[in-house]
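Both ligands and their constituent atoms are indexed starting at 1 by order of listing.
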Amino acid sequence: MKWAIIGTWRMCLEGIAAATEILGLGGDSGDAVEEAVKAVEDYPLYKSVGYGGLPNEICQVELDAAFMDGDTLSFGAVGGIQDFKNPVSIARRLSRERFNIFLVGSGAEDYAHKNGFERKNMLTERAKKIWEKRVREISENNLSPYDGHDTVGIVCLDLKGHMTAATSTSGLFMKKRGRIGDSPICGSGLYVDSKIGGAVATGLGEDIMKGCLSYEVVRLMESGMSPQEAAQNAVYSFSEKLKQRRGKVGAISIVCLNNMGEWGVGTNVEFSFVVASQKSLPKVFLAHPHQDKVVYEEASKEWLEAYQRRITQPV
Ligand code: ASP
């Protein structure tokens, strides 16, 4: 048995690096995935997850997160939670409950408070400035308010063959109060079964949830497809279906991992992701849709430097 871990977007690089230390020492995949997601939630410059996440239309940071255990199929999630430091840890705790495993809004906050989770004002000055700027842009130029969203989603396999998956996001920038995307929804934003593999999604939640896409990828792996075939197939065939039925489709990207540590990526937009395994240090890859396939390559030094400049540039 070997360990492996994969996550959505460049933002999970440091978290995945921290998780590899746990996995390399024979640690549990649940602990590794939680640490990886917490690192993203805690970093203020990642503006679509946790602290520093972009607010809703009335400038409140409402966060969604979920955790799933592939051995027991235990699942827990929070939606629209405000002012708690690590939504993913609350979701993991909920996954151990028999009932009431998915809590939203003030109910989720009460649960977190009663169970001793750390409170924190999750709105940073920088996120507030970006919000103020967007309000101006919308009124001046009629811009789409919703640009600016991404989810950290991670699937992990440990040395004992235990698989887990977790997601965390502030959802769509400028979303309506109470809006919840695919990320905390079992089967849409994430799914994992240690006997098969796991998948996590990022992109327009309103579209991803129409196809239950993470479950679909796991089901395709179960039917015998490789992770790459499963991710690619699920994203392309569902994107095509939505185009035919609705005339349009939003961004959809998926990463997946099977229980042998093989991974795959499916996307209908340019997308970055991070992979590490026993054999290879954490690496950032870029994926692009190309005809009916996804092509990917390791991110160049120039790309990584440009990313760093972009996330630190003044608002
Ligand atoms: N899927 C997330 C949502 O709709 C956002 C994203 O991953 O870009 O809330």
State plainly whether the residues [X] and [Y] are in salt-bridge range, i.e. N to O under 4.0 Å.
X	Y	value
R179	E206	yes
K120	D83	no
E240	K243	yes

Part of R179 with heavy atoms under 4.0 Å of ligand 1, whether side chain, backbone, both or neither: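 For R179, the contact with ligand 1 is made by the side chain alone.
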
Within 6.0 angstrom of R96 CZ, more than 12 heavy atoms from elsewhere: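 Counting other residues, nucleotides and ligands, CZ of R96 exceeds 12 neighbours.
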
Does ligand 1 come near enough to [X] that some N or O of the ligand is less than 3.5 Å from an N or O of the residue?
X	value
G205	yes
D182	yes
A201	no
H149	yes

In terms of atom number and element, which parts of ligand 1 are under 4.0 angstrom from non-hydrogen atoms of [X]?
X	result
S183	1 (N), 2 (C)
G181	9 (O)
D150	6 (C), 7 (O), 8 (O)
T202	6 (C), 7 (O), 8 (O)

Side-chain heavy atoms of P227 within contact of M221, under 4.5 Å: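 Side chain of P227 against side chain of M221, heavy atoms only: contact under 4.5 Å found.
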
M122 and L63, any side-chain heavy atoms less than 4.5 Å apart: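 Yes, side chains in contact.
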
Residue, atom name and distance, where the atom is the protein heavy atom closest to atom 5 (C) of ligand 1: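 Here the closest protein heavy atom is G203 O, 3.2 Å.
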
CG on D193 to CE on M163, rounded to 0.5 Å: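 Result: 9.0 Å between the selected atoms.
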
